[in-house]
Amino acid sequence: MSKLAEQHCVPCRGGVPPLRGEALIPLAQQLPDWKIVEEHHIAKTFLFRDFKIALDFVNRVGAVAEQEGHHPDLCLAWGKVDVQIYTHKIKGLSESDFIMAAKIDQVYFAGLG
């Protein structure tokens, strides 16, 4: 599991540039199953055997998001959840996005997948 999951998200107050290019590589290497999309957001699809388990995953991710103060975009469908994360205030990626992704992976690998 990534060491990112051991860290905590830092609230973004805006005014800082989003991470781009080379700055994304070390973070992305810790989350090889996540896809960086146009240097704007990271995305991943989680698969489940039914709707109820996928919904439980969404609720658990929601609890972690509230605890961290960093909220991913979640799209629940039968047997899957699409997750997209970026820092809205800077309209791009921050380290907290990768931390949140690692925490979401922890939720998934804790037995919900």
Side-chain angles (χ1 to χ4, degrees):
M1 192 59 56
S2 168
K3 290 186 179 194
L4 287 168
E6 298 170 7
Q7 299 177 46
H8 292 284
C9 297
V10 177
C12 180
R13 307 211 189 298
V16 291
L19 298 173
R20 299 208 181 277
E22 298 291 320
L24 295 169
I25 294 171
L27 295 165
Q29 288 174 335
Q30 295 180 64
L31 299 167
D33 296 329
W34 287 80
K35 180 179 170 187
I36 296 175
V37 180
E38 299 177 2
E39 294 187 340
H40 173 265
H41 61 274
I42 53 177
K44 183 174 177 179
T45 297
F46 293 87
L47 301 176
F48 303 90
R49 66 179 175 262
D50 61 33
F51 185 84
K52 184 179 182 309
I53 295 171
L55 178 59
D56 186 44
F57 173 74
V58 166
N59 289 327
R60 289 176 189 240
V61 168
V64 172
E66 281 296 302
Q67 184 177 21
E68 291 295 320
H70 197 65
H71 302 90
D73 296 337
L74 305 170
C75 181
L76 170 65
W78 194 98
K80 76 174 187 172
V81 176
D82 292 319
V83 180
Q84 180 175 298
I85 308 171
Y86 68 101
T87 300
H88 294 81
K89 285 190 179 180
I90 60 172
K91 298 180 180 140
L93 291 165
S94 70
E95 185 177 20
S96 289
D97 300 313
F98 292 88
I99 292 168
M100 190 66 211
K103 290 180 179 296
I104 291 170
D105 279 347
Q106 268 189 330
V107 170
Y108 182 77
F109 291 118
L112 292 173

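Here the side chains of Ile85 and Ile104 are in contact, with some heavy-atom distance below 4.5 Å.
A distance of 5.0 Å separates CG in Leu93 from CZ in Phe98, rounded to the nearest 0.5 Å. With rounding to the nearest 0.5 angstrom, the CG atom of Leu55 is 11.0 Å from the CG atom of Leu74.
Between Leu4 and Ala102, the shortest heavy-atom distance links the atoms CB-CB, 3.7 Å. Residues Val83 and Pro72 come closest through the heavy atom pair CG1-CB, 4.0 Å.
Counting side-chain heavy-atom gaps under 4.5 Å among Ile, Leu, Val, Met, Phe, Trp and Tyr, Ile25 is found in no cluster with other residues.
Sorted by first and then second residue, the ring pair (Phe, Tyr, Trp, His ring centres under 6.0 Å) pairs involving residues 63-83 (not counting sequence neighbours) form an empty list. Here salt bridge (Lys or Arg N to Asp or Glu O under 4.0 Å) pairs that include residues 85-102, with residues two or more places apart or in two chains, number zero.
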Donor-acceptor pairs are to be reported for all side-chain atoms of residues 35-48 against protein atoms at under 3.5 Å, with residues two or more places apart or in another chain.
unit_1	atom_1	unit_2	atom_2	d
Glu39	OE2	Gly21	N	2.9
His41	NE2	Gln84	OE1	3.4
Lys44	NZ	Asp105	OD1	2.8
Thr45	OG1	Asp82	OD1	2.5

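Under a hydrophobic clustering in which Ile, Leu, Val, Met, Phe, Trp and Tyr are joined whenever their side-chain heavy atoms come within less than 4.5 Å, directly or via other members, Ile53 and Phe57 fall into the same cluster. Under the 4.5 Å side-chain contact rule for hydrophobic residues, Ile90 and Leu27 do not share a cluster. Connection of Tyr108 to Phe51 is established within a shared hydrophobic cluster, with ILVMFWY side chains joined at heavy-atom distances below 4.5 Å, either directly or through further cluster members.
Val64 is linked by a side chain to side chain contact (heavy atoms under 4.5 Å, CB included) to Glu68, Met100, Lys103, Val107, counting only residues two or more places apart in sequence or in another chain.
Of the charged side-chain nitrogens involved, none lies within less than 4.0 Å of a carboxylate oxygen, so that Asp56 and Lys52 do not count as a salt-bridged pair.
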